[in-house]
Amino acid sequence: RLDGDSYETVRAFKTGAYSEHLITWPELGSLIQSDTAGSTKVGRGLTVKYCLATELGSWDEATADSTISAVEASMPENSRFVIESTANGAQGAYYRRYQDAKNHASTSKAHFYGWWWDDEYKRHTKGIDYTEEEEQLVLQENLKQEQIAFRRELQLALKDKFPQEYAENDISAFTAC
């Protein structure tokens with residue numbers, strides 16, 4: 001999100017092209033482009049300085065690698081490419097790229113963020129007794145009882161999908177499906 005000052009700075013520049021998928025700032029030589037994962041145009045004919053590829057784990061396998069490769073090829077030195085996703089099983093482009101980064105077999109860095117990073121993932125509760133597993137998670141991640149109450153509620157609702165959708169480590173995230 002932009003803070004107030006940043007927002008006003010960006011607003012001071014006239015926009016050029018403006019559509020559902022593109023906004024340009026000619027004075028800055030900048031643009032923001034939004035494309036779908038299956039687009040054959042992504043990364044072609046542009047110099048991409050910053051890119052966010054979201055939910056790569058759900059992209060069509062046939063186009064994921066070629067799309068990501070096209071974007072990477074369009075990025076100069078000192079660019080930033082962020083790929084984030086729900087794991088969606090131990091296969092596919094996201095799984096391979098994450099494992100390569102984790103094992104230092106690429107220039108990318110693997111980062112895992114557990115569901116508890118979001119402060120809103122909690123439920124009000126009045127004292128609960130922790131299971132052994134919950135106690136370990138509380139100690140390991142410094143969780144509060146409200147977060148454990150949220151976890152319990154989601155485990156009941158999502159059943160076997162909970163470890164994938166609300167992963168607690170990067171091993172179970174990929175093996176949950």
Side-chain angles (χ1 to χ4, degrees), residues 1-11 20-21 23 32-39 42 50-61 63-65 67-68 71 79-177:
R1 288 184 203 171
L2 295 174
D3 62 28
D5 292 338
S6 299
Y7 180 74
E8 290 306 317
T9 300
V10 170
R11 282 183 49 131
E20 182 180 355
H21 298 284
I23 184 169
I32 296 175
Q33 181 175 339
S34 169
D35 282 300
T36 60
S39 172
V42 176
Y50 302 98
C51 182
L52 169 63
T54 187
E55 291 301 338
L56 180 60
S58 297
W59 289 19
D60 177 63
E61 187 65 24
T63 58
D65 283 320
T67 301
I68 296 296
V71 171
S79 295
R80 187 171 184 96
F81 193 172
V82 175
I83 298 173
E84 63 81 22
S85 187
T86 303
N88 202 18
Q91 78 284 325
Y94 182 63
Y95 175 75
R96 287 191 309 276
R97 286 174 178 273
Y98 186 90
Q99 295 305 315
D100 285 350
K102 183 178 178 179
N103 296 317
H104 310 289
S106 77
T107 58
S108 298
K109 293 180 183 170
H111 299 277
F112 174 79
Y113 302 100
W115 59 264
W116 47 84
W117 277 56
D118 189 329
D119 289 337
E120 294 186 17
Y121 287 167
K122 58 188 172 190
R123 296 292 185 265
H124 294 291
T125 186
K126 292 184 180 190
I128 56 176
D129 294 321
Y130 298 135
T131 66
E132 236 177 82
E133 179 186 43
E134 290 168 343
E135 182 69 38
Q136 185 178 354
L137 193 58
V138 165
L139 294 172
Q140 183 179 327
E141 300 299 337
N142 196 30
L143 300 185
K144 308 290 185 249
Q145 68 179 2
E146 292 83 6
Q147 291 170 300
I148 296 299
F150 169 86
R151 180 181 188 259
R152 287 180 180 180
E153 182 180 308
L154 269 286
Q155 283 176 320
L156 285 172
L158 297 174
K159 303 196 181 345
D160 62 338
K161 289 289 188 187
F162 178 81
Q164 173 187 304
E165 299 300 321
Y166 291 86
E168 295 180 348
N169 61 62
D170 68 347
I171 296 168
S172 64
F174 287 105
T175 57
C177 293

side-chain contact (heavy atoms from CB on, under 4.5 Å) between Trp116 and Phe150, intermediate numbers included:
CA-CA 10 Å; Trp116 47 84; Phe150 169 86; over 6 Å; no
Provide the closest heavy-atom pair for Ala101 versus Ala110 in the form atom of the first, atom of the second, distance.
CB-N, 3.6 Å
Could you measure the distance from the CG atom of Leu158 to the OH atom of Tyr166? Nearest 0.5 Å is fine.
6.5 Å
First locate atom CD1 of Ile148, then atom CG of Leu137, and finally report the distance between them rounded to the nearest 0.5 Å.
5.0 Å
Rounded distance (nearest 0.5 Å) linking atom CG of Leu52 with atom OG of Ser34:
10.0 Å
Glu132 side chain near Glu135 side chain, heavy-atom distance below 4.5 Å
no
Hey, is the main chain of Ala105 close enough, under 3.5 Å, to the side chain of Asn103 for a donor-acceptor pair?
no
Rounded to the nearest 0.5 Å, what's the gap from CD on Glu153 to CZ on Phe162? Could you check?
11.0 Å
Atom NZ of Lys102 with >12 non-hydrogen neighbours under 6.0 angstrom:
yes
To the nearest 0.5 Å, tell me how far Phe174 CZ sits from Asn169 CG.
10.5 Å
State whether the side chain of Gln136 and the backbone N or O of Glu133 hold a donor-acceptor pair below 3.5 Å, judged by distance alone.
no
For the pair Asp65 and Arg96, evaluate side-chain contact (heavy atoms from CB on, under 4.5 Å) and give the outcome as yes or no after the intermediate values.
CA-CA 10 Å; Asp65 283 320; Arg96 287 191 309 276; 2.4 Å; yes
Which distance, rounded to the nearest 0.5 Å, do you find between the CZ of Phe112 and the OH of Tyr98?
7.0 Å
Donor-acceptor check, side chain of Gln147 to backbone of Tyr121, threshold 3.5 angstrom: yes or no?
no
In terms of the angle between their ring planes, are Tyr113 and Trp117 parallel, tilted or perpendicular, with boundaries placed at 30° and 60°?
perpendicular
